[in-house]
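In this chain, numbering begins with 1 at the start of the sequence shown. Not measured: the values here are computed from a predicted model.
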Amino acid sequence: MVDSNQMAASLSHSTYIPLPSSGSVGKFSEPETYSQLVPIHIVTQPSQLPNAFLVPSAESQLVIGFDCEGVDLCRHGALCIMQLAFQDAVYLVDAIQGGQMLVQACKPALESTYVTKVVHDCKRDSEALYFQFGIRLNNVVDTQIAYTLIEEQEGRKRSPDDYISFVSLLADPRYCGISYVEKEEVRILLRQDPSFWRKRPLSELMIRTAADDVRFLLYIYHKVMEKLNEYSLWRLAVRGSLYCRCFCDNDNEYAEWSPIPHIPEKLITEGIVPEEEILSVLNVPPGKMGCIIGRGGASIRSVKESCNAEILIGGSKGPPDKVFVIGAVKEVRKAEAIMRGKMLFS
């Protein structure tokens with residue numbers, strides 16, 4: 001017989017995931033209507049992960065929610081947990097307890113085209129995986145990018161740096177309509193103790209928060225995919241690839257990374273030939289980053305307003321001497337020229 005303490009412990013390692021409505025293939029119920037309670041598995045050994053994930057194949061293609069938690073997560077910070085949300089379970093991959101061997105066991109899936117990783121803002125997660133474990137995150141659907149593309153598709157313009165947070169995306173009734181108040185509680189704890197995610201054993205709050213960061217991603221994935229047209233879907237795939245590379249600068253111009261998705265034949269036959277999108281890395285000489293950023297960020301803000309391109313600076317997490325520019329070739333070259341001018345004449 002299971003006593004009340006054991007039952008409470010069991011329930012604390014379970015959560016709800018919105019799933020397709022019964023009998024409605026491809027249609028998802030409202031997020032308040034859950035199909036089932038699913039387990040949360042704390043993973044310290046590769047054998048605890050599903051075989052279909054460990055050995056990706058065309059026959060068993062997967063779509064999973066994905067996120068990482070860590071201490072100052074970037075190339076230098078520590079990756080502590082990877083969260084994987086399947087339709088029937090959430091797996092918390094403990095990189096502290098499992099170490100390199102466990103994370104390396106996940107490498108085939110994280111690099112595979114057969115496993116779609118649904119993530120919100122992949123840049124720093126990808127950077128940590130690349131520099132700490134040699135993993136090139138691939139085939140992502142970034143819900144932050146997807147939201148921006150839907151806004152553009154529907155004729156709404158955003159200002160530079162107006163990126164939707166995961167909490168705000170969750171709260172948007174078009175995508176989920178769920179309040180995530182516990183996130184602020186964790187933010188406060190992180191400010192008080194930056195090593196929060198290093199602590200072991202994992203507390204109930206850590207387990208619940210880690211699961212909450214991924215358990216709605218599959219639901220949101222289906223919501224955004226049904227809104228995106230063919231052109232936006234291609235841009236989503238391209239931007240996902242470029243954002244995964246963004247802070248993963250190297251000396252061989254990303255030659256070892258998977259190719260950027262080609263323009264679909266369907267768009268070409270319909271007479272839509274979009275301009276190629278690229279990632280460019282601008283090296284900034286010592287002492288010149290201030291010329292690009294300007295007082296109170298005024299200079300970099302003016303560049304962003306002048307060019308239809310994403311301009312990203314490593315900031316305190318680094319790299320401190322590079323600017324990353326993503327967008328159509330013409331807009332990227334325009335942004336580079338403006339920033340070079342600011343360095344030259346300032």
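Taking the six-membered ring where tryptophan is involved, the planes of Tyr231 and Trp234 are essentially parallel, since the angle between them stays under 30° and well short of 60°. Between Phe53 and Phe86, the angle of the ring planes goes over 60°, which puts this pair in the perpendicular group of the 30/60° scheme. Below 30°, between 30° and 60°, or above 60°: for Phe166 and Tyr180 the angle between ring planes is above 60°, a perpendicular geometry.
There is no path of hydrophobic side-chain contacts, each under 4.5 Å, that joins Ile135 to Tyr114. Linking ILVMFWY residues whenever their side-chain heavy atoms come closer than 4.5 Å, directly or via other members, leaves Ile96 and Ile42 in distinct clusters. Hydrophobic cluster membership differs between Met206 and Val71, with clusters built from Ile, Leu, Val, Met, Phe, Trp and Tyr side chains linked at under 4.5 angstrom.
In this structure, Glu253 places its CD atom where only 12 or fewer heavy-atom neighbours from other residues, nucleotides or ligands lie under 6.0 Å away. The 12-atom threshold is exceeded at CZ of Arg191, counting heavy atoms of other residues, nucleotides or ligands nearer than 6.0 Å. Tyr254 OH: more than 12 foreign heavy atoms inside a 6.0 Å radius. Residue Arg198 qualifies as open at atom CZ: its count of foreign heavy atoms under 6.0 Å is 12 or below.
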Legend entry - Check against side-chain contact (heavy atoms from CB on, under 4.5 Å), Val38 and Ser14: CA-CA 6 Å; Val38 305; Ser14 303; over 6 Å; no
Legend entry - Worked verdict on Ser302 versus Ser299 for side-chain hydrogen bond (donor to acceptor under 3.5 Å, both in side chains): CA-CA 5 Å; Ser302 71; Ser299 182; 4.7 Å; no
Inset, instruction - Decide yes or no on side-chain contact (heavy atoms from CB on, under 4.5 Å) for Leu62 and Thr116, but give the supporting numbers first. - result: CA-CA 6 Å; Leu62 299 173; Thr116 300; over 6 Å; no
Inset, instruction - Given side-chain contact (heavy atoms from CB on, under 4.5 Å), test Gln48 with His41 step by step and report yes or no. - result: CA-CA 8 Å; Gln48 296 170 294; His41 301 294; over 6 Å; no
Inset, instruction - Decide yes or no on side-chain contact (heavy atoms from CB on, under 4.5 Å) for Leu169 and Ile220, but give the supporting numbers first. - result: CA-CA 9 Å; Leu169 183 64; Ile220 294 172; 4.0 Å; yes
Legend entry - Verdict with supporting geometry, Glu336 and Ser280, side-chain hydrogen bond (donor to acceptor under 3.5 Å, both in side chains): CA-CA 9 Å; Glu336 288 177 323; Ser280 178; 2.2 Å; yes
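The CG atom of Leu84 sits 10.0 Å away from the CG atom of Asp67 when rounded to the nearest 0.5 Å. Atom CZ of Arg301 is separated from atom CD1 of Ile311 by 12.5 Å, given to the nearest 0.5 angstrom. Here NZ of Lys117 is found 11.5 Å from OH of Tyr221. Values are rounded to the nearest 0.5 Å. To the nearest 0.5 angstrom, Asn229 atom CG is 3.5 Å from Gln153 atom CD. Rounded to the nearest 0.5 Å, atoms CG (Asn139) and SG (Cys244) are 9.0 Å apart. A distance of 5.0 Å separates OH in Tyr147 from CZ in Arg174, rounded to the nearest 0.5 Å.
In this structure, Arg75 and Leu129 have side chains that are not in contact, with every pair of non-hydrogen atoms separated by 4.5 Å or more. Proximity of Met339 to Ile300: side-chain heavy atoms (C-beta onward) are separated by under 4.5 Å at one or more points. Contact annotation: the side chain of Lys227 never approaches that of His222 to less than 4.5 Å [non-hydrogen atoms, C-beta and beyond]. Side-chain atoms of Val186 and Phe196, non-hydrogen and from C-beta on, do get closer than 4.5 Å to each other. In this structure, the side chains of Leu228 and Leu236 come closer than 4.5 Å at one or more pairs of heavy atoms. Ile64 has its side chain out of reach of Tyr91: every pair of non-hydrogen atoms, C-beta onward, lies at least 4.5 Å apart. Looking at heavy atoms from C-beta onward, Arg340 lies out of side-chain contact with Lys288 at the 4.5 angstrom threshold. Between Tyr175 and Pro173, every side-chain heavy-atom pair lies at or beyond the 4.5 Å cut-off.
Judged by distance alone, with hydrogens and angles left aside, the side-chain atoms of Glu275 form a donor-acceptor pair with the main-chain N or O of Lys330 at under 3.5 Å. No side-chain donor-acceptor contact under 3.5 Å links Gln83 to the backbone of Ala211. Glu69 places no side-chain N or O within 3.5 Å of a backbone atom of Met82 that could act as its donor or acceptor partner. Side chain of Gln144 to backbone of Ile164: a donor-acceptor contact under 3.5 angstrom is found. At least one donor-acceptor pair under 3.5 Å links the side chain of Ser241 to the backbone N or O of Ala237. A donor-acceptor pair is defined here as one N or O able to donate and one able to accept, closer than 3.5 Å; no such pair exists between the side chain of Gln61 and the backbone of Ser57. Not one N or O on the side chain of Thr143 forms a donor-acceptor pair closer than 3.5 Å with the backbone of Ala146. Between the side chain of Thr269 and the backbone N or O of Glu265, at least one donor-acceptor pair lies under 3.5 Å. With hydrogens and angles ignored, the 3.5 Å screen pairs a side-chain donor or acceptor of Gln132 with a backbone N or O of Cys74. No donor-acceptor distance shorter than 3.5 angstrom exists from the side chain of Lys334 to the backbone of Ala309, with no hydrogens or angles considered.
Salt bridge annotation for Lys123-Asp121: present, with a cationic side-chain nitrogen under 4.0 angstrom from a carboxylate oxygen. Ion pairing between Asp212 and Lys183 fails under the 4.0 Å rule for side-chain N and carboxylate O. A salt bridge is defined here as a Lys NZ or Arg NE, NH1 or NH2 lying under 4.0 Å from an Asp or Glu carboxylate O, and Glu310 with Lys304 fails to meet this definition. Checked for salt-bridge contact, Glu277 and Arg239 meet the test: a charged N lies under 4.0 Å from a carboxylate O. Salt-bridge annotation for Arg156 and Glu152: absent, with no side-chain N of the basic residue lying under 4.0 Å from a carboxylate O of the acidic one.
Nearest heavy atoms, Gly240 versus Ile145: N-CD1, 3.9 Å. Here the shortest heavy-atom pairing between Ala95 and Leu79 reads CB-O, 3.6 Å. Across all their heavy atoms, Val93 and Cys106 have their closest contact at CG1-SG, 4.3 Å. Nearest heavy-atom pair, Leu312 versus Cys246, reported as atom, atom and distance to 0.1 Å: CD1-SG, 3.6 Å. For the pair Val90 and Val214, the tightest heavy-atom approach, listed with the atom from each and the gap, is CG1-CG2, 4.1 Å. Of all non-hydrogen atoms in Leu218 and Ala85, the two that sit nearest each other are CD1-O, 3.7 Å.
Both tests hold for Arg124 against Phe247: distance to the six-membered ring centre under 6.0 Å, angle to the ring axis within 45°.
Defined by atom type and a distance below 3.5 Å, a donor-acceptor pair is present between the side-chain atoms of Tyr130 and Asn250.
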